[in-house]
Amino acid sequence: MTNPMSGGLLDIVGQLIGGALTGGGSSSQPSTPSDIIGQLISGALGGGSQPSMPSTSADPNDLSGVMGAVGGGPMTQMLLSALGPTLAQYVADTFGIDKASAMKVLMVAIPLLLTALARNAQNRRGADSLHSALERDHDGSAINNLGEIFANPNAAKGGKIVKKVLGNRTDAVAQTLTEQTGLDGGQLLATLAPVVLSVLGQQQRQQGYDSNGLAGALLQERNALQSSSGDLMGALAQMIGSQPRALS
């Protein structure tokens with residue numbers, strides 16, 4: 001099957017892996033989320049021509065060249081390193097792309113969701129709402145039922161979760177992902193959202209977080225992602241907007 005992602009999001013993550021998004025600015029500032037992602041793709045925010053992907057195995061299912069670029073804190077590491085290969089296989093099977101391309105999609109979509117959740121938890125109402133939702137509906141069991149989530153994200157209320165997390169930015173964010181990947185951005189987010197919340201719920205129980213502890217953990221996660229992928233995180237933050245959302 002022809003890979004629908006001949007450019008776009010592949011190029012964003014290619015720049016991250018190649019280390020191009022570490023400095024330098026564009027003379028013109030992008031004004032919309034699509035412009036931001038578009039400039040990341042073209043290499044404008046890296047200051048120069050777009051770098052090529054590092055050489056890896058010719059096998060499109062070999063993740064070795066991608067996994068080494070995974071940054072972030074413990075939640076990101078759980079989602080992208082521990083669960084990453086399995087998630088990538090489900091994404092590949094669901095959307096008809098190769099596994100390495102699927103992993104690169106995850107390296108943008110998962111930080112996007114974590115960034116939105118960190119934003120929502122920055123005030124007391126948002127933090128309390130997220131804490132309660134995790135206690136009530138997300139005990140970590142979804143991690144062991146990934147096949148069921150990918151087969152029927154509606155059963156896991158993925159679409160409703162995304163709308164609560166992203167609010168009035170939902171359609172714009174989904175459209176940008178669709179434009180830049182050739183995949184259904186709404187379906188992608190709806191499938192991944194229950195998995196992300198399941199990992200958060202598991203961490204909350206294991207670490208004994210109250211709402212303040214959860215908010216602090218998400219802030220640390222966002223800061224760790226910022227340190228490893230600053231320009232991409234800036235673009236994602238502008239995509240999702242600054243207005244916190246309550247999850248419940």
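Residue indices begin at 1 and follow the sequence shown.
- Within 6.0 Å of CZ in Arg124 there are 12 or fewer heavy atoms belonging to other residues, nucleotides or ligands.
- In terms of heavy-atom proximity, Ala142 sits nearest to Pro194 at CB-O, 4.3 Å.
- For Arg119 against Val165, the heavy-atom pair with the smallest separation is NH2-O, 2.7 Å.
- Using a 4.5 Å cut-off on side-chain heavy atoms (C-beta onward), Leu166 and Leu189 make contact.
- Residues Asn120 and Asn123 approach most closely at O-OD1, 3.9 Å, considering heavy atoms.
- Counting heavy atoms from C-beta outward, Glu221 and Thr115 have side chains that stay 4.5 Å or more apart.
- The side-chain contact (heavy atoms from CB on, under 4.5 Å) check on Gln187 picks up Thr94, Phe95, Asp184, Thr191, with sequence neighbours excluded.
- In this structure, a donor-acceptor pair under 3.5 Å is present between the side chains of Asp93 and Gln89.
- For the pair His138 and Ala133, the tightest heavy-atom approach, listed with the atom from each and the gap, is CD2-O, 3.5 Å.
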- Message: Walk me through whether Leu106 and Leu192 qualify under side-chain contact (heavy atoms from CB on, under 4.5 Å).
- Response: CA-CA 9 Å; Leu106 293 175; Leu192 294 176; 3.7 Å; yes
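- Scanning both residues, Thr178 and Gly185, for their nearest heavy atoms gives OG1-N, 2.8 Å.
- Listed for the Arg205 side chain is a donor-acceptor partner under 3.5 Å among the backbone atoms of Glu135.
- At a cut-off of 3.5 Å, with distance as the only test, a side-chain donor of Ser101 or Asp98 sits close to an acceptor on the other residue.
- With sequence neighbours excluded, no residue forms a side-chain hydrogen bond (donor to acceptor under 3.5 Å, both in side chains) with Thr170.
- With sequence neighbours excluded, the residues forming a side-chain contact (heavy atoms from CB on, under 4.5 Å) with Gln207 are Gln203, Tyr209, listed by chain and number.
- In terms of heavy-atom proximity, Ala190 sits nearest to Pro153 at O-CB, 4.0 Å.
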